[in-house]
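I have placed the structure first, in the form of C-alpha cells, so that the comments after it can refer back to it.
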Amino acid sequence: MSDDAPNSQEMTIQQALEQALQHHNAGRFPDAENIYNQILQAEPNHPRVLNLMGVLAHQVGKNDIAVDYFSKAIDSYPDYAEAHYHMAMGLKALGRLDESISSYRKSLSLDPDNVNVHYNFGNLLNQLERFDEAALCYQKAIIRKPDFAEAYNNLGFVMHKLDRQDEALENYQKALQLNPQYADSLNNLGNLLRVRPKSLSV
C-alpha cells in the first residue's frame, strides 16, 4: 500500500460525516448530532465537525453552545474562515456585537471572496447604523454575485439612510428586476417615492 493511501479510520470518519451532513441538511438534527458526537469521540479536535456542531446549535437557538464549538474549531484550525464567519453570527445572536465585527473581519481576511460574509457583515453594520461601511459590504457582495437581489435591496436602504436617493432608487429597481415579487423592495421603494425630492426620476 502506498504511503499516501487513506487509512481505514479516515475513510470511516469521512463516510460518517457525509451521512451526518445528509441528516443535517434534511433537518434531522438529532440524527446529525448523534453522528457528529461519534466522530468527535474518535477525533475530538476535528475542526469541520466542531464547526458543524456549532452551526447545529446556532440553528436551534443555543448560541452559547454554538460559540463554544466555534471556538474549539478555531483553536484546532486558526485559519478556518468558515468557523470565524459562523462565530460572527453566533456572537451577533448573543448581542456581542464588537466581537462579532472582529470575527467577520477575520473571516474576510482569510476568504475575501465569500459573498455571504460580506452580505451578513453588511447587515450587522446596517443594524449599528454604520451605513457607509454597510454600503461597502453590500457593494462587495454584489461584485461577487451580480444577481443578489437582497444585497441590492439592502444597499438601497442604506443609500436612502445616507440621503443618496437616486442611488437608493437605482438599487431598489435593480432588486425588483431580479425579483419582481420582492416584498421588502416593493415596500422600500414605496417609502422612498413618498418622500423623494421632486427631482428624483422614476
Side-chain angles (χ1 to χ4, degrees), residues 21 24-25 27 29 32 47-75 77-162 164 167-168 170-172 174-176 178-179 181-188:
L21 283 168
H24 196 159
N25 292 333
F29 294 164
R48 189 177 181 197
V49 176
L50 290 166
N51 178 59
L52 288 166
M53 283 288 281
V55 170
L56 195 155
H58 175 68
Q59 287 174 309
V60 299
K62 298 179 179 178
N63 288 295
D64 285 316
I65 294 172
V67 165
D68 185 54
Y69 275 116
F70 298 141
S71 295
K72 290 176 180 177
I74 292 165
D75 285 343
Y77 180 18
D79 290 341
Y80 195 175
E82 188 175 353
H84 286 286
Y85 167 46
H86 291 143
M87 173 71 89
M89 296 180 72
L91 290 167
K92 180 185 176 184
L94 291 172
R96 294 161 59 180
L97 302 186
D98 288 340
E99 293 170 85
S100 180
I101 288 172
S102 295
S103 290
Y104 274 122
R105 293 194 192 284
K106 180 63 175 178
S107 181
L108 287 171
S109 75
L110 295 165
D111 184 11
D113 290 324
N114 191 308
V115 172
N116 290 328
V117 181
H118 284 294
Y119 175 72
N120 283 300
F121 189 21
N123 288 343
L124 173 57
L125 294 168
N126 189 354
Q127 176 185 328
L128 294 172
E129 300 186 357
R130 293 166 60 168
F131 297 125
D132 284 306
E133 295 170 86
L136 185 59
C137 287
Y138 294 137
Q139 288 163 344
K140 289 179 178 179
I142 288 165
I143 288 169
R144 291 159 175 82
K145 186 180 178 183
D147 62 347
F148 199 166
E150 293 83 359
Y152 280 107
N153 174 68
N154 291 6
L155 180 57
F157 179 85
V158 298
M159 289 302 181
H160 188 177
K161 290 293 186 179
L162 291 167
R164 293 161 62 176
E167 292 170 87
E170 180 183 345
N171 282 287
Y172 289 144
K174 181 63 177 179
L176 289 167
L178 293 165
N179 181 1
Q181 305 304 317
Y182 191 1
D184 282 349
S185 275
L186 289 167
N187 182 64
N188 288 337

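- A salt bridge does not link Glu133 with Lys140: none of the charged nitrogens is closer than 4.0 Å to a carboxylate oxygen.
- Legend: ring pair (Phe, Tyr, Trp, His ring centres under 6.0 Å) pairs involving residues 81-103, not counting sequence neighbours, sorted by first then second residue: Phe70-His86.
- Every residue meeting the ring pair (Phe, Tyr, Trp, His ring centres under 6.0 Å) condition with His24, not counting sequence neighbours, appears here in chain and number order: Phe29, Tyr36.
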Take Leu128 and Ile101 through the test side chain to side chain contact (heavy atoms under 4.5 Å, CB included) and record every step on the way to the result. CA-CA 11 Å; Leu128 294 172; Ile101 288 172; 3.7 Å; yes
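- Residues satisfying the ring pair (Phe, Tyr, Trp, His ring centres under 6.0 Å) criterion with Tyr104, sequence neighbours excluded, are Phe121.
- A side-chain donor-acceptor contact under 3.5 Å links Tyr138 to the backbone of Asn123.
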Do Lys174 and Glu150 pass the salt bridge (Lys or Arg N to Asp or Glu O under 4.0 Å) test, and can you show the C-alpha distance, the side-chain angles, and the key distance before you say yes or no? CA-CA 10 Å; Lys174 181 63 177 179; Glu150 293 83 359; over 6 Å; no
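- We find the OH-CG distance between Tyr182 and Leu176 to be 9.0 Å, quoted to the nearest 0.5 Å.
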For Asp111 and Val117, run side chain to side chain contact (heavy atoms under 4.5 Å, CB included): C-alpha distance rounded to whole Å, both residues' side-chain angles, the deciding distance at 0.1 Å, then the answer. CA-CA 9 Å; Asp111 184 11; Val117 181; 5.9 Å; no
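- Side chain of Asn153 to backbone of Ala149: no donor-acceptor contact under 3.5 angstrom is found.
- Sorted by first and then second residue, the ring pair (Phe, Tyr, Trp, His ring centres under 6.0 Å) pairs involving residues 139-162 (not counting sequence neighbours) are Tyr119-Phe148.
- Checked against ring pair (Phe, Tyr, Trp, His ring centres under 6.0 Å), Phe131 has no partners two or more places apart in sequence or in another chain.
- For Asp68, the side chain to side chain contact (heavy atoms under 4.5 Å, CB included) criterion is met by Lys72, not counting sequence neighbours.
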